[in-house]
Amino acid sequence: MSHQKVIVLDFGGQYNQLIARRVRECGVYCEVKPHTITINELRALDPIGIIFTGGPGSVYDPKAPQADPEVFQLGIPILGICYGCQLLAHNLGGRVTAAQSDSAREYGKTETFFDTDCKLFDGLSQKGISWMSHGDYMEKVPDGFALIAHSDACPNVAICDESRGFYGVQFHPEVNHTENGTLMIRNFLYNVCKAKGDWTMGDYKDMAIRQLREKIGSGKVLLALSGGVDSSVAAALLAEAVGNQLTCVFVDHGLMRLNEGDEVAAAFSKWNINFIRVDAEKLFLSRLAGITEPERKRKIIGEEFIRVFEAEAKKLGQVDYLAQGTIYPDVIESGAGEADVIKSHHNVGGLPDYVDFKEIVEPLRMLFKDEVRQLGRELGLPEYLVMRQPFPGPGLAIRVIGEVTKEKLDTLRKADFIFREEVAAAGIASDMGQYFAVLTNMRSVGVMGDGRTYDYTLALRSVTTTDFMTADWTRIPYEVLDRVSVRIVNEVPHINRIVYDITSKPPATIEWE
C-alpha cells in the first residue's frame, strides 16, 4: 500500500526526529533523510511536503550544511524550522547574520504574536508561547515573503510566501513547550500540502512485520529482552513476524530494580517463546569496579551485553541476527548525522566495534515511546505491560553516581521501591512519564537518634512527557514527597538526606548520567 509522505531534511538539530514524530502523529507518513540527499533521490520519493530541521550551524558559514538549491524549484511546499527557516531566507534572497545584541537572541519560552490569516496559523490565538533557540537573525527577508509572526525582541519570527507554499519559523513547533505547535504542523500538512491522513500505527505494524520477514527469512534471531516496554514490544513484533525462529535472552546483570529479575522471568515464562535467563551480576559488577565516568559505564555495559549474547548464541547453534528494542530517542541522544552526542545508549553508541552476528535488527528504531506503546496495543499486549515504567538499558548503574557497588545498588533499590510504592498509593502514576531515585555521590551531615550521621544524599526525579525528547518536571504533591522522604530515611540505611530534581528537559536530560 502506498502512502503520502513528507520528507524531513536533517541539518543536525537535536529535535529532528521529533519533527517526524509530530508529522506521523498527524496521520501522515514521514521519513528523515540527510540534507545531502540528491535532488533526484528526493524527487523519486515523491513527497507532498518537505520540512527543513533546525541545526547548530549558521547558514552564512561556508562550512554550514546546505540543501541542493534545486529543492526550491520542485514545486513542493517547504516548512523551515529555526536553522531551516534561515536556510530558506539565505537561499531565496534574504540575509541572515549573527544577532548583534543579546536582546535579538532568543532562547526558551517566548511570547509570540501570530498573523492568524496565514494558513500556517489558522485556528490559533493571536498570541501564544513558542520555544526559541536561535542566535542568528534574519536581517533581510526575501522578496515575496510576508512577516507572519513577531516577538518583542524579534520582528521576523516567522515568514511565508504562500504562493509557493514556503513557510519559515524561528521557533520549534515540534516541542511541547510551544503552544499549539502540533496544530501548526497539522496546518502545514493539511492546509498547505493537502494531506489525506492515510497513515496509522496498524499500517506501521503490518509494514514492520513484512520487512522483518523479508530481512530475516529463515534465519534465527536472538533478542535482548529486558522486560521493559521497548524490548517487550520488540519481542511481540518479532514473534508475530518469525515465530519460533526467535529466542529471547534476559541478562540479569544485577542492575535491576527490586525483585525485577524474578518478575521479568515470571512474566515471560508464560509466553510461547524461547526464554533464557542469564545470571551475570558478578560479571557486570567486576567490569564496573572502579569506574566513575558515565560514558565509560555505558560503553562497558553495552560491550558486556553483546559478549553475553554472543556466548548464548554459540550455545544455541547458528544465530544470524541480534535484535534490540532501540527507539528513536536512544538514537538521537547517541548522536546521528551531524547532531551532537548527548550520551551513548548501551544499545546504540555503546556497542563495540565488532559484533559476532550477521546483522543487528532494531524494529522500533523509527518510533518514539508513545508510538511503541501504541504498537504494543496493536499487537495485543496487555495494558500493564504496555504502560510499564521506563527503565534505562544500563539499569541502575547510571542511577548510582560514581562507582557502582552491590552495596550502593541495594541501598538504591530499596529507596527506589519506596518512591514507586508511594506514587502508586497516591494514585498519581498515570500523570508521570518517568519517575525514579538516584543515589548521588554526595555525603552530608545529619542527625539520627541524637547521633551524628554522615551519609548519602538521595535525589528523586519525576518528569511529565509523552515523547521523551522534551519533558517537564512533575509537580508531585508535597504530602507525597513528605511520605517518601520520611519512609526512605527511616527504612533505608546510609541515606540521611532527600532532594527533588526540578529541572526540565532541556536543559537537563531525564536520566542523571
Problem - Non-neighbouring partners of Tyr29 that pass ring pair (Phe, Tyr, Trp, His ring centres under 6.0 Å), sequence neighbours left out - result: Trp199
Exercise for the section: Compute whether any side-chain donor of one residue and acceptor of the other, for Trp131 and Asn176, lie under 3.5 angstrom apart. Expected result: no
Completion exercise
All heavy atoms of Val221 vs all of Val319, minimum pair found to be C-CG1, 4.2 Å
Exercise for the section: May I ask you to say whether Arg377 pairs ionically with Glu383, meaning some side-chain N is under 4.0 Å from a carboxylate O? Expected result: yes
Handout entry: ring pair (Phe, Tyr, Trp, His ring centres under 6.0 Å) against His494, all qualifying residues, sequence neighbours excluded
Key = none
Problem - Listed once per pair and sorted, the side-chain hydrogen bond (donor to acceptor under 3.5 Å, both in side chains) pairs that draw on residues 227-237, sequence neighbours left out - result: Ser226-Ser231, Asp230-Lys369
Exercise for the section: Please determine if Glu293 and Arg296 form a salt bridge, counting it only when a charged side-chain N lies under 4.0 Å from a carboxylate O. Expected result: no
Handout entry: Pair Phe52 + Phe11: ring centers closer than 6.0 Å
Key = yes
Exercise for the section: Verify the distance criterion only: is there a donor paired with an acceptor across the side chains of Thr453 and Asp455 at less than 3.5 Å? Expected result: no
Exercise for the section: Decide, yes or no, whether a salt bridge links Glu422 with Arg487 under the criterion of side-chain N to carboxylate O below 4.0 Å. Expected result: yes
Completion exercise
Distance col, row Leu212:CG vs Leu237:CG, nearest 0.5 angstrom, shows 5.5 Å
Practice task
Could you tell me whether Lys315 and Glu312 have a side-chain N and a carboxylate O separated by less than 4.0 Å?
Solution key: yes
Handout entry: Test side-chain contact (heavy atoms from CB on, under 4.5 Å) applied to Gln318 - qualifying residues, sequence neighbours left out
Key = Asp320
Exercise for the section: Can you run down the side-chain hydrogen bond (donor to acceptor under 3.5 Å, both in side chains) pairs that involve residues 432-445, sequence neighbours left out, and say none if there aren't any? Expected result: Gln434-Glu511, Arg443-Tyr456, Ser444-Arg497
Problem - Flag for Ser58-Asp61: side-chain donor and acceptor within less than 3.5 Å - result: no
Practice task
Identify the two heavy atoms, one from Ile398 and one from Pro392, that lie closest to each other, and give their separation to 0.1 Å.
Solution key: CD1-CB, 3.7 Å
Problem - CD on Glu407 to CG on Asp410, rounded to 0.5 Å - result: 7.0 Å
Handout entry: Arg420/Asp416 ion pair, N-O < 4.0 Å
Key = yes
Exercise for the section: Sort and list the pairs that fulfil side-chain hydrogen bond (donor to acceptor under 3.5 Å, both in side chains) and have at least one residue in residues 234-254, not counting sequence neighbours. Expected result: Asp252-Arg277
Handout entry: Lys408 bridged to Glu403 by N-O distance under 4.0 Å
Key = no
Handout entry: Derivation of the salt bridge (charged side-chain N to carboxylate O under 4.0 Å, His left out) call for Glu25 and Arg21
Key = CA-CA 6 Å; Glu25 190 177 66; Arg21 172 65 192 99; 3.8 Å; yes
Problem - Cationic N near anionic O, under 4.0 Å, Lys33 to Glu31 - result: yes
Exercise for the section: Apply the test salt bridge (charged side-chain N to carboxylate O under 4.0 Å, His left out) to residues Asp279 and Lys282: give CA-CA distance (whole Å), side-chain angles for both, the deciding distance (0.1 Å), then the verdict. Expected result: CA-CA 8 Å; Asp279 182 0; Lys282 290 182 180 178; over 6 Å; no
Handout entry: Closest approach of Phe391 to Leu255 (non-hydrogen atoms, all atoms of both residues)
Key = CZ-O, 3.5 Å
